[in-house]
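Numbers restart at 1 for each chain; the letters A, B, ... are given by sequence-line order, proteins then strands.
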Amino acid sequence: MPELPEVETVVREVAPRICGRRFVGAALLDGCLEDVHSAEPLKSVLGVGLGLLPGRLVKRVSRKGKFIIIHLSGNFEMIVHLRMTGMLLFEPSERLKRFIRLEFRFEDGLKMFFSDIRRFGRIWVGPREEVRRLSGLNRLGTDPVAELFSLDDFLTIMRGRVSRRGRLKTALLDQSLVAGIGNIYADEICFRARLHPASRLEKLRPADLLALHEAIGFCLREGIAHNGTTISDFVGTRGDAGKHQQYLQIYGRTGDGCYACGEVVLKTRLGGRGTHFCPSCQALRK
DNA sequence: CCGAACCTGTGT
DNA sequence: ACACAGGTTCGG
């Protein structure tokens with residue numbers, strides 16, 4: 001599920017339910033996962049510091065890129081990255097109960113569950129600076145929605161990157177440049193900017209960069225406005241699907257007609273990811 | 001830079 | 001049986 005708009009949707013749903021509440025415990029329900037602060041030598045590492053949670057008050061919930069930040073009392077934080085299939089749920093469906101990996105309990109009896117089919121998700125709990133370093137949160141670039149993101153900022157970021165060359169889509173997916181864009185929105189952004197995702201960065205024109213800056217803001221904000229994109233049966237915290245899949249312009253439209261020109265939408269492989277584009281509308285700068 | 005790895009489920 | 005999936009990290 002989760003790119004920036006989906007994670008933003010989760011934050012907006014989780015925040016009102018847990019802000020002002022105090023954690024009393026966290027239980028690991030999955031024998032394949034390991035809390036590295038515990039002594040058990042298990043299979044995968046979930047993160048650190050679940051034992052530091054009891055007694056902490058939730059002050060605020062925020063987001064940077066695809067990271068969820070739960071701000072706790074005592075300058076602690078719980079950082080959550082959902083990766084591919086992670087979800088924070090309060091009333092898990094029967095189907096998803098099977099994939100609950102963690103249970104969080106609050107002092108008023110409220111329970112929050114971390115469900116994660118593929119077990120790629122990660123959670124860190126601890127002092128703010130430590131968890132930001134361990135999780136990689138402090139290596140993120142600018143969040144194009146949560147922070148001011150002017151055209152000048154974008155040009156500066158891209159100039160720094162252009163010198164290294166590479167493909168446009170690879171740069172859009174680079175979380176240390178602009179944080180939060182994933183595979184779906186990268187394709188949508190390239191289509192809106194009318195640029196081929198395999199374009200060479202160093203060949204982009206000033207007008208291309210302007211179009212990309214506009215497309216990043218537009219595509220991500222539109223995704224947020226529709227409560228994210230739901231493909232297959234992933235759901236938000238409240239258990240309901242996003243609506244943005246109805247508005248996708250290029251992702252998943254392989255073999256169908258381009259909405260702009262009618263040409264057949266193609267799919268290729270770029271940087272290991274499925275990549276959708278219109279060969280007629282999207283200029284390849286090479 | 002690409003592929004593999006980390007996992008599990010789904011669809012062909 | 002095999003390919004593929006919204007992410008990230010690692011090694012060659």
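Here the side chain of R83(A) is nearest to one of dT8(C), dA5(C), dG9(B), namely dT8(C). Closest approach to the M84(A) side chain among dT10(B), dA5(C), dT8(C) is made by dA5(C) (side chain taken as heavy atoms from C-beta onward). The side chain of R269(A) approaches dC4(C) more closely than any other nucleotide in the set dT9(C), dC4(C), dT10(B). Out of dG7(C), dC4(C), dG9(B), the shortest distance to the side chain of E3(A) is found at dG7(C).
In this structure, H81(A) and F67(A) have perpendicular ring planes: the angle between them is above 60°, well past the 30° mark. Ring geometry for F23(A) versus F104(A): interplanar angle over 60°, hence perpendicular rather than tilted (30 to 60°).
Residue contacts shown for R167(A) are absent, as no nucleic acid heavy atom lies under 4.0 Å away. Y185(A) comes within 4.0 angstrom of no nucleic acid atom, judged by non-hydrogen atoms across all strands. Backbone-only contact: G182(A) has heavy atoms under 4.0 Å from sugar-phosphate atoms and none from a base.
Cation-pi geometry between R128(A) and F76(A) is not met: the NZ or CZ atom fails to fall both under 6.0 Å from the ring centre and inside 45° of the normal. A cation-pi arrangement is present between R253(A) and Y259(A) under the rule of less than 6.0 angstrom and at most 45 degrees off the ring axis.
When the C1' atom is compared between dC1(B) and dA5(C), the two are found 22 Å apart, to the nearest whole Å. Taking atom P in both dC7(B) and dG11(C), the straight-line distance is 16 Å, to the nearest Å. The C1' atoms of dA3(C) and dG3(B) are separated by 16 Å, rounded to the nearest whole Å.
For R95(A), a side-chain nitrogen or oxygen approaches OP1 or OP2 of dT10(B) to under 4.0 Å. One finds no side-chain N or O of H81(A) lying less than 4.0 angstrom from the OP1 or OP2 phosphate oxygen of dG7(C). When the side-chain nitrogen and oxygen atoms of K267(A) are compared with OP1 and OP2 of dA5(C), one or more of them lie within a distance under 4.0 Å. For the pair R98(A) and dG9(B), the criterion of a side-chain N or O lying under 4.0 Å from OP1 or OP2 is met. For the pair Q175(A) and dG7(C), the criterion of a side-chain N or O lying under 4.0 Å from OP1 or OP2 is not met. Contact annotation: K66(A) reaches the phosphate of dT8(C) (side-chain N/O to OP1 or OP2, under 4.0 Å).
Atom P of nucleotide dG7(C) and atom CD1 of I79(A) are separated by 19 Å, given to the nearest angstrom. Rounded to a whole Å, the CG atom of L82(A) is 13 Å from the C1' atom of dT8(C). With rounding to whole Å, L270(A) atom CG is found 13 Å from dA5(C) atom P. When the P atom of dC6(B) is taken as reference, atom CZ of R101(A) falls 16 Å away, rounded to whole Å. Atom CD1 of I231(A) and atom C1' of dG11(B) are 14 Å apart (whole Å). The separation between I100(A) atom CD1 and dC7(B) atom C1' is 18 Å, rounded to whole Å. Atom OH of Y251(A) and atom C1' of dG7(C) are 12 Å apart (whole Å). Protein atom CZ of R273(A) is 13 Å distant from nucleotide atom P of dC2(B), rounded to whole Å.
Shown here, dC7(B) forms no base pair; nothing in the strands shown gives a Watson-Crick or G-U wobble contact with both key distances under 3.5 Å.
Residue E8(A) is tested with R221(A), K66(A), R63(A) for a salt bridge (charged side-chain N to carboxylate O under 4.0 Å, His left out); the sole match is R63(A).
In this structure, the aromatic ring of F120(A) is not positioned over the six-membered ring of the base of dT8(C) within 5.5 Å between centres and 30° between planes.
Side-chain contact of K286(A) with S199(A): a donor-acceptor pair under 3.5 Å is absent, judged by distance alone.
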